[in-house]
There are 2 protein chains.
Amino acid sequence: MPQPFEIPTLSLTVDCVVFGLDAEQEDLKILLIQRAIPPFEGKWALPGGFVRPGEAIEQAAFRELKEETGLEKVYLEQLFTFGDPRRDPRARIVTVAYYALVNLNEHTLKATTDARSAAWFSVNDVPELAFDHARIVEVALKRLKGKLRYEPIGFELLPKKFTMPQLQTLYELVLERRLDRRNFRKKILGMGLLVELDEVKQDSVGRAAKLYQFDERKYRKLKQRGFNFEV
Amino acid sequence: MPQPFEIPTLSLTVDCVVFGLDAEQEDLKILLIQRAIPPFEGKWALPGGFVRPGEAIEQAAFRELKEETGLEKVYLEQLFTFGDPRRDPRARIVTVAYYALVNLNEHTLKATTDARSAAWFSVNDVPELAFDHARIVEVALKRLKGKLRYEPIGFELLPKKFTMPQLQTLYELVLERRLDRRNFRKKILGMGLLVELDEVKQDSVGRAAKLYQFDERKYRKLKQRGFNFEV
DNA sequence: CCAAAAGTGTTGGGACTACACCCATGA
DNA sequence: TCATGGGTGTAGTCCCAACACTTTTGG
């Protein structure tokens with residue numbers, strides 16, 4: 001490759017769409033951060049920041065998540081790379097977007113040390129966002145919808161021990177359609193990937209629901225043998 | 001965002017895994033380019049190059065494809081962004097990988113103007129590749145396999161007019177398993193997305209096969225109404 | 001005992017699998 | 001007329017969708 005031109009450079013950031021399930025309110029939410037400086041000062045934006053020299057991209061995503069929200073050890077997956085030359089008014093900045101799945105009720109947001117506030121917003125009520133972040137959220141939602149049916153990632157949004165109605169509500173929220181309770185149960189239990197616990201979850205009214213746990217180890221074994229998760 | 005550090009910069013490239021179907025030899029191939037300069041001089045590598053200032057990433061992928069292989073107007077989709085700090089021995093270079101689908105028999109490779117040679121290799125017989133390109137090919141193959149069943153992208157690998165056995169062979173090659181001829185036909189024709197032409201394809205021996213064409217317009221309409229392609 | 005939510009089986013229809021013979025064509 | 005590959009139908013099975021009543025629990 002003879003290079004008759006300077007090797008061009010640019011800056012690279014990561015941005016994370018953090019999905020959290022609010023089991024109490026039966027609502028799917030995303031985590032946003034209010035920008036403290038221009039551009040888009042005061043606007044809400046995805047948590048993220050610059051990839052440092054010598055730092056792997058995914059590592060940068062984990063680091064920014066921890067720094068800006070306190071979240072650690074979450075499920076994280078690369079989503080898409082956005083590089084429109086005009087997506088950042090300051091300079092040419094390309095961003096590698098990730099999406100993360102967390103259980104909202106088990107994680108409390110860290111006190112924001114740097115005067116930036118973080119907050120959860122319903123995916124149905126996202127405020128105006130900085131940069132092209134609205135587009136990124138759109139792509140993330142589409143990916144989540146598509147992937148939920150073919151990979152057992154939904155469990156990442158629930159507590160370790162969860163009930164069948166919780167799992168079903170999650171699927172109904174993300175896929176945006178009602179599911180038959182009996183058929184859903186049969187389908188899920190039929191895969192043999194849940195272990196039934198000797199506990200129930202009791203909140204307020206109604207009959208107590210059995211608790212289940214996802215059997216990660218068993219899933220991996222079955223997957224190797226050609227099994228495909230599908231709801 | 002107060003920035004106590006310099007905004008870091010790096011270089012961004014695109015790399016393309018170009019899949020081509022060799023209908024005659026019943027073989028799935030990828031297009032490689034032999035490097036003329038270090039690093040990895042003489043080694044085979046994916047076509048690609050630097051993203052220029054002010055250039056959209058996808059645009060860069062199209063440009064490099066045209067410059068290095070003469071291919072134009074091909075199906076192109078972003079695959080994954082690879083950014084291991086040590087993936088390029090010279091410097092920190094992040095690459096956005098794409099995959100492309102072309103009909104190998106309809107495209108002749110352009111005479112290589114810049115002394116670099118391009119050639120098709122069977123996916124089952126890929127030579128040692130430069131950088132982390134072997135990994136990129138691996139990810140691309142996995143994506144192609146996964147996507148072929150749920151999106152009508154297989155047609156991109158065939159000529160506009162194709163026969164049912166050609167289509168079936170394509171699926172068998174990519175999915176790496178045999179399919180029942182009668183069931184395959186039923187499934188495909190049952191979706192009502194192919195128009196049967198009043199022509200047949202005759203090569204050498206055996207009964208002539210009917211030619212079909214994919215109805216792109218009809219597919220888009222059905223998709224809007226919630227239809228899902230699946231083989 | 002009442003309200004609220006969890007849990008449970010059966011049946012009909014559509015889709016998938018498996019499978020073997022005839023047809024058209026060129027040599 | 002023969003060799004080669006293309007085209008076709010049916011029967012059994014499995015999976016999915018539809019659907020209503022009983023059980024448990026707290027108040």
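Below, read A as the first sequence line, B as the second, and so on, with proteins coming before strands; counting in each chain starts at 1. For the numbers below, each heavy atom of this structure counts, side chains included, while hydrogens, waters and symmetry mates do not. Not measured: the values here are computed from a predicted model.
Side-chain N or O atoms of A:D132 include none that pairs as donor or acceptor with a backbone N or O of A:R135 at under 3.5 Å.
Looking at residues two or more places apart in sequence or on another chain, you find a ring-ring contact (aromatic ring centres under 6.0 Å, His included) between A:F155 and A:F162, A:F214. Under the rule for a salt bridge (Lys or Arg N to Asp or Glu O under 4.0 Å), the partners of B:R178 that lie at least two apart in sequence or sit in another chain are B:E172. Scanning for salt bridge (Lys or Arg N to Asp or Glu O under 4.0 Å) contacts around A:D203 gives A:K201, with sequence neighbours left out.
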- Query: Step by step, would you call B:K187 with B:E230 a salt bridge (charged side-chain N to carboxylate O under 4.0 Å, His left out)?
  - Reply: CA-CA 9 Å; B:K187 185 75 173 283; B:E230 185 181 344; 5.3 Å; no

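Taking atom CD on B:E26 and atom C1' on D:dT4, their separation rounds to 14 Å, with Å as the unit.
More than 12 heavy atoms of other residues, nucleotides or ligands shown are found within 6.0 angstrom of CD on A:E216. Within a 6.0 Å sphere centred on CD of B:Q202, other residues, nucleotides and ligands contribute more than 12 heavy atoms.
A nucleotide of DNA chain C counts as in contact with chain A when one of its atoms lies under 4.0 Å from a heavy atom; the first and last such, 5' to 3', are C:dA4 to C:dT10.
At a threshold of 4.5 Å between non-hydrogen side-chain atoms, the residues A:W120 and A:I30 do not count as touching.
Near-neighbour residues of DNA chain D inside residues 176-195 of chain B, defined by a heavy atom below 4.0 Å, number-ordered: B:R181, B:R182, B:R185, B:K186. Within residues 221-231 of chain B, no residue places a heavy atom under 4.0 Å from DNA chain D.
Contact check on B:K210 versus B:E199 returns no salt bridge, with no Lys/Arg side-chain nitrogen under 4.0 Å from an Asp/Glu carboxylate oxygen. Taking the charged nitrogens against the carboxylate oxygens, B:E67 and B:R63 do have a contact shorter than 4.0 Å, which makes a salt bridge.
Looking at which nucleotide of DNA chain D each of A:V200 and B:K210 is closest to, the 5′-most match is held by B:K210.
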